[in-house]
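What follows is a set of notes on a single structure, which appears directly below.
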Amino acid sequence: MGDYYYSHGADPSMMGAVGGMYGATMAGAHGGMMHPAMPVAANIEHPPLPPGAKLPSIKIVDLDRDSISFVVTDCDLSLANAMRRILLSEIPTIAIEHVFIKENTSTLVDEFVAHRLGLLPIRAPLAMIEQFQFSWDCPCDTSYCQNCAVVFQLDMKHDGTNGNVRNFKISPLDGTATNDLLVTSADLHLAVPTDRVLALSSGSRSFAEDRQADASAAVLSSGGAPAAVAAAADAAAALDTKGISEFSRARPLIGDVIICRLGAHQALNVICHARKGIAKQHAKWSPVTAVAFGYDPNNLLRHTTLWYERDPVAEWPRTEVHAAARAAAGEADLDPGLVAAGAAGAAAGPGAAGQHSYDPNAEPDTFYFRVESSGVMRPEEIVQSMIRVLRKKLQVVHDETLPIANASA
Amino acid sequence: MRGINAPDPNSLVYNEDNTPKVTFHVEPTVPNAGTFELDREDHTLGNLIRMYALKDERVLFCGYKVPHPLEHTVQIKIQSVPPTASASEIGMYSVGGPRAAFIRAVASARRDVMALESSFEKSLNDYYTSHHTQQN
């Protein structure tokens with residue numbers, strides 16, 4: 001998938017948004033040191049780092065279309081675990097939440113169809129999701145607006161009319177259709193032009209297939225507000241000068257997910273509202289299919305006992321990310337001495353000493369992650385989003401605690 | 001159509017009643033101690049703040065609990081050394097007392113998360129640079 005990678009340079013618009021979102025806090029903060037390695041929102045005051053301690057860091061080991069592997073070093077177990085938990089349950093994405101059924105004469109009941117629609121993966125770039133509103137946060141007076149809902153419509157009828165003649169074969173005997181019509185996610189179309197979505201997403205990177213949507217972008221924009229259309233056109237022009245012709249926006253990830261099957265003269269006509277949500281509400285909002293998390297591949301900390309028949313090193317699988325990280329650093333995949341120590345520890349169980357001395361007070365500080373994307377976000381976007389979610393959580397708690405702390409002083 | 005006992009899943013994230021995010025109760029029987037309650041938070045922040053607080057030598061005790069699985073809240077109990085001076089004199093993150101210890105833990109965690117953020121951006125740029133053959 002050579003065309004997947006976007007030539008990634010500094011993205012000032014994104015950095016600016018981040019700084020603006022969190023930068024205006026802690027005005028009038030007192031003394032203390034500012035850490036030098038803080039380009040983002042640098043006006044935030046940080047507590048001094050304890051002597052000897054290091055700031056945690058991330059190194060990407062592998063990145064492809066579906067997954068990202070990275071190593072976090074100088075990190076506390078609680079922080080690594082918080083990252084893992086947020087990856088699993090708190091990354092905002094977009095999924096169909098409300099389904100309004102105008103007509104459903106398929107063999108599936110309304111609830112069944114609505115459920116299937118809800119589970120469709122909807123691709124949306126991170127920049128759009130971050131600007132998009134949760135329905136309860138949106139100030140709109142109506143039940144939905146273009147800032148908090150993406151509206152899709154699906155109107156299919158299996159009788160050769162309605163502009164849809166796909167696969168309609170008529171029996172010469174009785175004039176009825178002889179085949180079924182598969183209604184798929186490709187039949188779901190954006191119903192209301194979401195100019196904000198178009199404009200916002202224009203600065204983001206996206207898959208090459210997002211360009212396929214370009215043809216319909218003009219049609220979509222024609223129904224939007226003039227200013228927004230102009231903005232979208234400007235954004236498109238700006239992107240064109242950079243050689244990136246794309247309008248990425250919320251849309252079904254893949255076109256061949258079957259929603260239902262229509263027999264002759266059956267119809268399905270629905271309006272869907274896709275909303276922003278997190279996997280804590282419903283798993284359909286999860287952008288990950290798996291998060292692998294591990295530390296201490298040689299079991300030097302004796303946090304576990306490995307069951308084995310003859311040789312635990314031979315019988316237990318290696319930590320993939322660990323091996324890849326060592327390979328990337330030009331080291332041998334396995335360090336025999338270390339592995340022997342780990343194996344001895346594994347054999348003897350917790351508290352036993354291998355060739356290496358066992359430190360009962362040692363704590364894990366290196367963590368191996370592999371995040372597998374469902375496809376609705378690119379894997380590196382998921383990790384970016386995870387870090388921002390975690391930072392925002394801490395920021396909110398910090399800011400809400402300030403009055404309490406100041407009241408006591 | 002959900003069961004009578006099950007709360008609305010959206011209430012995990014959506015604060016309908018405008019309950020404050022952070023509340024603090026002084027522990028009446030223990031000196032320099034109190035409980036912070038974080039609304040709509042869970043083990044993710046509970047354990048994180050607890051561990052950062054425990055790294056602080058001015059913190060004598062810190063523990064957290066999620067009181068009930070259907071109540072989306074986490075309680076963090078913290079005891080510290082007595083306050084030494086006021087925030088205006090020596091800086092907010094240097095004061096003693098449970099409130100300052102708590103906010104110090106939160107700010108330390110935030111410091112590390114922000115370090116991770118810039119580190120990831122850098123690592124991503126490095127990765128794209130070193131894998132330019134695969135770029136578009």
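A, B, ... follow the sequence lines: proteins, then strands. Residue 1 opens every chain.
- Closest heavy-atom contact between A/Glu45 and B/Arg110: O-NH2, 3.1 Å.
- With a 4.5 angstrom heavy-atom cutoff, A/Ile278 touches chain B only via side-chain atoms.
- Counting only distance, with no hydrogens or angles, the side chain of B/Thr44 and the backbone of A/Arg85 share no donor-acceptor pair below 3.5 Å.
- In this structure, the side chains of A/Ile60 and B/Phe120 come closer than 4.5 Å at one or more pairs of heavy atoms.
- Closest approach of B/Val113 and A/Leu394 over heavy atoms only: CG2-CD1, 3.7 Å.
- With rounding to the nearest 0.5 Å, the separation of CD in B/Glu121 from CD in A/Glu380 is 10.5 Å.
- Chain B forms the most heavy-atom pairs under 4.5 Å with one residue out of A/Cys75, A/Ser89, A/Ser57, A/Pro50, and that residue is A/Ser57.
- The minimum heavy-atom distance between B/Tyr127 and A/Leu63, with the atom names listed, is OH-N, 3.1 Å.
- For A/Asp62, the parts sitting under 4.5 Å from any heavy atom of chain B are the backbone and the side chain alike.
- For the side chain to side chain contact (heavy atoms under 4.5 Å, CB included) with B/Ile103, the qualifying choice from A/Thr401, A/Ile404, A/Val397 is A/Thr401, the only one to do so.
- The structure places CD of A/Gln395 at 7.5 Å from CE of B/Met114, a figure rounded to the nearest 0.5 Å.
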Test side chain to side chain contact (heavy atoms under 4.5 Å, CB included) on B/Val13 and A/Trp136; report intermediate values, then the result.
CA-CA 10 Å; B/Val13 279; A/Trp136 51 85; 3.5 Å; yes
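- B/Ser123 contributes atom OG, which lies 7.5 Å from atom CD1 of A/Ile68 (distance to the nearest 0.5 angstrom).
- Within 6.0 Å of the CD atom in B/Glu27, the count of heavy atoms belonging to other residues, nucleotides or ligands exceeds 12.
- Of the atoms belonging to A/Met83, it is side-chain heavy atoms, and not backbone ones, that fall under 4.5 Å from chain B.
- Inter-residue side-chain proximity for B/Leu116 and A/Arg391 is flagged as unmet; no heavy-atom pair is nearer than 4.5 Å.
- The heavy-atom pair separating B/Leu48 from A/Ala82 by the smallest distance is CD2-CB, 4.4 Å.
- For chain A, no part of B/Lys122 is nearby; none of its heavy atoms comes within less than 4.5 Å.
- Taking the charged nitrogens against the carboxylate oxygens, A/Asp399 and B/Lys21 have no contact shorter than 4.0 Å, which rules out a salt bridge.
- A 4.5 Å side-chain heavy-atom check between A/Pro47 and B/Arg111 finds at least one atom pair inside the cut-off.
- B/Tyr52 is listed as a side-chain neighbour of A/Leu79, based on a closest heavy-atom distance under 4.5 Å.
- B/Arg99 CZ to A/Leu402 CG: the interatomic distance, rounded to the nearest 0.5 Å, is 13.5 Å.
- Here the straight-line distance linking atom OG of A/Ser78 with atom CD1 of B/Ile49 works out to 10.0 Å at 0.5 Å rounding.
- Pairing each heavy atom of B/Ala107 with each of A/His46, the nearest pair is O-ND1, 4.3 Å.
- Annotation: A/Lys284, atom NZ; neighbour count of heavy atoms from other residues, nucleotides and ligands within 6.0 Å is above 12.
- Classification of A/Lys59 and B/Asp126 as a salt-bridged pair fails, no side-chain N sitting under 4.0 Å from a carboxylate O.
- For A/Val61, the part sitting under 4.5 Å from any heavy atom of chain B is the backbone (N, CA, C, O) and nothing else.
- For the set B/Leu45, B/Asn47, B/Leu38, the entry with the most heavy-atom pairs within less than 4.5 Å of chain A is B/Leu45.
- For the atom pair A/Asp74 CG and B/Asp112 CG, the distance stands at 9.5 Å (nearest 0.5 Å).
- The shortest non-hydrogen separation linking A/Pro56 to B/Ala115 is O-CB, 3.9 Å.
- When side chains are defined from C-beta on, A/Gln384 counts as touching B/Leu124, because their heavy atoms get closer than 4.5 Å.
- In this structure, B/Asp42 and A/Glu90 have side chains that are in contact, with non-hydrogen atoms separated by less than 4.5 Å.
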